[in-house]
Amino acid sequence: MLVVGGGFAGGYVARELGSRGATIVSKENFMLYTPLLPEAASGTLEPRHCVVPLREMCPHAELILGAVTELDLEAHTATVETDEGTQTVAWRELVLALGAVPRTLPVPGLSEHALSFKSLADAIYLRNHVLHQLEAADAALDEEERARRLAFVFVGAGYAGVEALAELSDLTEDALRRYPRLRSTPRRWVLVDAAPRILPEIPPPLGDYAATELRKRGIEIHVDTTLESVSAGEAVLGNGTRIATNTTVWTAGVAPNPVLREWPLPLDEKGRVEVDELLRVRGHEHVWSLGDCALVPNTRSDRPDPPTCQHALRQARRLAKNLTGPPEPYGYRMLGQVATLGRHKGIAEVLGLRLRGFVGWWVTRSYHLYQLPLLQRKVRVVVDWTVALFFRRDIAELGQLGHPEQLG
Ligand SMILES: Cc1cc2nc3c(=O)[nH]c(=O)nc-3n(C[C@H](O)[C@H](O)[C@H](O)COP(=O)(O)OP(=O)(O)OC[C@H]3O[C@@H](n4cnc5c(N)ncnc54)[C@H](O)[C@@H]3O)c2cc1C
């Protein structure tokens, strides 16, 4: 069994296969638990604690660290590029779980000047970038430059954008206590989305609560608005608003992994692999696909699954069973949705019950703790959260990590 991709979908398939074993090919040796990424960016959580090492999560699986670059669906082989060279791996059953990449649009300056928020590296980079803006603002000689450094624009008001903005604005508020010279400088946090509401995935009353809560903190929300252009020092919105800023974060959705287009697979117009209700790739008896890279029909819904970890996890459980026993159609009815808004506030919809404020926050955290694999990971996260209750966030900027100085 060859599983390509060690993210939510691939990692869980291999874990569910248990002692039946699997070979995972993945670019990282860990599974990233993305719902905790905003907290890792803001310093409530140690970044390492929102990933789960695949060798521990799937103790019976073999891991090849690398990227699949070619697939031969006739010969049942995959070409894998590793740091040590190229190798060919044979498979009897193939699982494609290659995930997604940030969905970009032809906005002038986007690829050069906007930051993404998808991977652990993105989260760590963004945290250091934000802290660096505070240092640069403190050193700046004029008020205009200070204000520019303290303006932050997030484009895309889904979970990732809203949670990341809420958490990072909390981080800067905490940090600014140590920057007396910046006390009078106005801070600007801006959330932009082309849709008419923020968090369109959740019931309107909870989305409205989130918008009101963010506005109370002074966060500007521009809905029905697009990003027109970005440059090194400015973001321009479709409604004419010009924001002097050095920080534009692009969190406007995902697109299936583009490598899939290079392989002879049936894809829909968005580039997702088309699978049947058993999660088998159409026209390929021994190839399966799931997660963000697949168009997965759901027998308990009239729409294909959205790209979320809760769906990837349920698909993975079904697929592991289909790979080892009589296959059955996949069906999952969402039990709820959760999101944090920083400052001990959150929103949750669980079994039709709508929760907000502290209770919403508590339920969100409890849900993630329950879902996170491995007891030792859960304990590390609880310890981080407990420490965060008593101490303010760490404001050390560690941008030089990973860039050691040369000897001599
Ligand atoms: C910031 C953020 C917050 C989110 N919050 C939530 C949330 O709160 N709730 C929720 O339900 N969902 C959330 N999501 C969505 C969720 O993360 C995805 O739906 C989920 O990760 C999909 O799992 P996946 O395995 O399909 O893809 P991924 O988890 O992205 O995994 C893809 C894997 O494929 C590997 N890979 C890619 N190319 C190759 C290659 N050529 N060869 C080998 N391996 C390869 C990658 O290294 C990666 O390990 C969030 C996403 C983000 C970015």
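Whatever order the structure lists them in is the order used to number ligands and atoms, beginning at 1. Throughout, numbering of the chain's residues begins at 1 and tracks the sequence.
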For this session: Could you pull out every protein residue that has a heavy atom closer than 4.0 Å to ligand 1, ordered by chain and then number?
Result: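 Residues near ligand 1: V4, G5, G6, G7, F8, A9, V25, S26, K27, E28, T34, P35, L37, G66, A67, V68, A97, L98, G99, F117, K118, A160, N257, G291, D292, P307, T308, C309, Q310.
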
For this session: Report the relative orientation of the aromatic rings in H311 and Y332; use parallel for angles under 30°, tilted for 30 to 60°, perpendicular for over 60°.
Result: perpendicular

Do [X] and [Y] have a side chain donor and acceptor closer than 3.5 Å?
| X | Y | result |
| --- | --- | --- |
| S42 | T44 | yes |
| Q315 | Y12 | no |
| E220 | W189 | no |
| D72 | T77 | no |

Exercise. A78 and V68: which non-hydrogen atoms are nearest, and at how many Å?
Worked result: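 Taking A78 first and V68 second, the nearest heavy atoms are CB-CG1, 4.2 Å.
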
